[in-house]
Protein chains: 2
Amino acid sequence: MTEKRAPTRIQKKNRATILEAALEVFSQHGFRGATVDQIANAAGLSKPNLLYYFPSKDAIFTALLSGLLDTWLAPLQAMDPNGDPMEEILSYMQRKLQMSRDFPRESRLFANEIVQGAPRILDILSTDLKDLVDEKARVLRQWMDQGKIAPMHPHHLLFSIWSLTQHYADFDAQVQVLMDGEDPYEAAPEFLETLFRRMLTP
Amino acid sequence: MTEKRAPTRIQKKNRATILEAALEVFSQHGFRGATVDQIANAAGLSKPNLLYYFPSKDAIFTALLSGLLDTWLAPLQAMDPNGDPMEEILSYMQRKLQMSRDFPRESRLFANEIVQGAPRILDILSTDLKDLVDEKARVLRQWMDQGKIAPMHPHHLLFSIWSLTQHYADFDAQVQVLMDGEDPYEAAPEFLETLFRRMLTP
DNA sequence: CCTGAGTTTGACCGTTTGGTCAAATCAACA
DNA sequence: TGTTGATTTGACCAAACGGTCAAACTCAGG
């Protein structure tokens with residue numbers, strides 16, 4: 001029997017602080033580009049102290065990812081097969097857009113990893129995400145067969161939602177420069193609403 | 001006067017080999033994640049030999065980027081203000097899609113850098129790219145004012161073209177997993193053609 | 001106040017990294 | 001063929017890296 005001690009008050013606080021710092025650093029520099037010292041500094045801890053709470057850099061990254069996965073997949077999970085097709089898709093898209101606005105670091109964390117071939121999360125993608133996507137792709141196909149939305153490749157439809165919304169978080173540096181600092185999220189909701197409404201109308 | 005010697009046959013060949021290897025490695029791991037040794041190996045050279053042709057890792061990266069910039073911006077450059085608006089935008093989009101298919105490493109190279117805040121290319125983005133984008137945004141706005149295409153935010157229109165096309169290259173790892181290895185470029189051209197035609201029709 | 005578990009740290013280790021250098025080798029041309 | 005500049009390399013260096021460890025410190029419960 002492996003002994004599991006209940007986490008103390010300090011453990012709870014420090015683990016949370018470390019994961020917050022890790023999100024900040026990993027999302028900005030990627031796994032390889034981030035250093036344990038950077039994370040420790042961002043968390044206000046010494047390196048050995050940080051490694052007292054997580055055994056390795058890998059462990060921090062893994063803990064961070066698995067803690068984020070549910071939150072990250074929640075919007076797609078929430079797409080209701082029994083709801084109104086057009087409204088379900090549009091509100092899924094708007095939720096994704098809001099996540100780009102409110103959680104850009106989480107978006108960049110995944111972006112960084114996937115652009116580099118997803119070496120550390122390929123198994124998660126090909127199990128959890130794949131199952132969810134296949135399930136929702138079937139729902140989309142049904143809606144198309146019923147003539148509720150225009151027929152198209154379901155996977156490409158999902159990709160288009162992801163790319164259009166996450167672009168504002170993942171490529172924020174470029175967006176900021178090209179828009180003279182104007183807030184992209186001012187026009188984006190209406191722009192994407194119109195785009196998808198036109199795209200999905202049968 | 002700084003003496004500039006004409007590059008020898010060997011210099012030409014090795015510089016090209018190194019830049020090709022650098023593209024392979026940088027696009028896969030990002031600047032920080034790539035090592036000089038990796039690039040040297042990929043180029044079939046020893047590390048000191050590689051550093052005989054480029055003074056530093058930074059110099060390789062810079063040379064690679066500046067050599068790629070023109071190619072990368074060419075499709076947008078080619079969008080003709082005097083052409084038919086709908087066809088110009090659609091063929092620009094298709095060219096971008098083909099570049100994702102044919103030059104995914106170049107796409108990921110830029111993606112990696114921008115996701116991490118574009119620390120090494122922010123000046124290029126805010127000068128060369130910004131000027132080009134502003135110019136083409138004016139063209140798009142004219143077309144909208146003339147009623148040739150539906151009115152919308154020009155910058156967001158450009159972002160949508162970029163994100164939708166580059167997604168297939170930048171997030172290829174994810175796309176491959178979710179499509180069971182089915183070639184995404186089979187359906188993508190028609191999918192995006194339809195999408196943008198609906199989106200742009202006045 | 002005492003005690004023991006929980007927490008923190010400075011010093012340290014082996015490896016990897018970007019980069020240097022003198023010496024060796026090669027290639028071209030007179 | 002000899003000579004000179006171009007090319008290549010093994011050995012090396014300092015800094016940065018992920019991680020370890022024993023010792024010191026802190027804190028809650030008795």
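A, B, ... follow the sequence lines: proteins, then strands. Residue 1 opens every chain.
Regarding contacts with the backbone of D/dC27, every side-chain N or O of A/Arg9 stays at 4.0 angstrom or more from both OP1 and OP2. Here A/Gln11 does not reach the OP1 or OP2 of C/dG6: none of its side-chain N or O atoms lies under 4.0 Å away.
The pair A/Asp37-A/Lys47 counts as a salt bridge, with a side-chain nitrogen and a carboxylate oxygen less than 4.0 angstrom apart. Taking a cutoff of 4.0 Å between a charged side-chain nitrogen and a carboxylate oxygen, B/Arg108 and B/Glu24 do not qualify as a salt bridge.
The ring pair (Phe, Tyr, Trp, His ring centres under 6.0 Å) test applied to B/Trp143 returns no partner, not counting sequence neighbours. The ring pair (Phe, Tyr, Trp, His ring centres under 6.0 Å) search around A/Phe61 returns A/Phe26, A/Phe31, not counting sequence neighbours.
Listed for the B/Gln38 side chain is a donor-acceptor partner under 3.5 Å among the backbone atoms of B/Thr35. Put simply, the side chain of B/Asn112 gets close to the backbone of B/Ser27: a donor and an acceptor are under 3.5 Å apart.
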Evaluate B/Gln94 against B/Glu193 for side chain to side chain donor-acceptor pair (under 3.5 Å), listing each step before the verdict. CA-CA 8 Å; B/Gln94 292 290 356; B/Glu193 176 93 13; 3.0 Å; yes

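Where the helix from C/dC1-D/dG30 to C/dA30-D/dT1 starts and where it ends, the local axes point in directions that differ by 0°; five pairs per end, rounded to 10°.
Residues B/Gln98 and B/Asp102 bring no donor and acceptor atom of their side chains to less than 3.5 Å of each other.
Taking every heavy atom of residues 22-30 of chain B and every atom of DNA chain D, no pair lies under 4.0 Å.
For residues 126-137 of chain A, the pairs satisfying salt bridge (Lys or Arg N to Asp or Glu O under 4.0 Å) are A/Lys130-A/Asp134, A/Lys130-B/Asp180, with sequence neighbours left out.
Residues A/His156 and B/Tyr168 place their aromatic rings such that the two centres sit under 6.0 Å apart.
The separation between A/Ile39 atom CD1 and D/dC17 atom C1' is 13 Å, rounded to whole Å.
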Heavy atoms under 4.0 Å is the rule here; annotate nucleotides 8-26 of chain C 5' to 3' with B where the base is hit, S where only the sugar-phosphate is, and - elsewhere. BBBB-----SBBBB-----

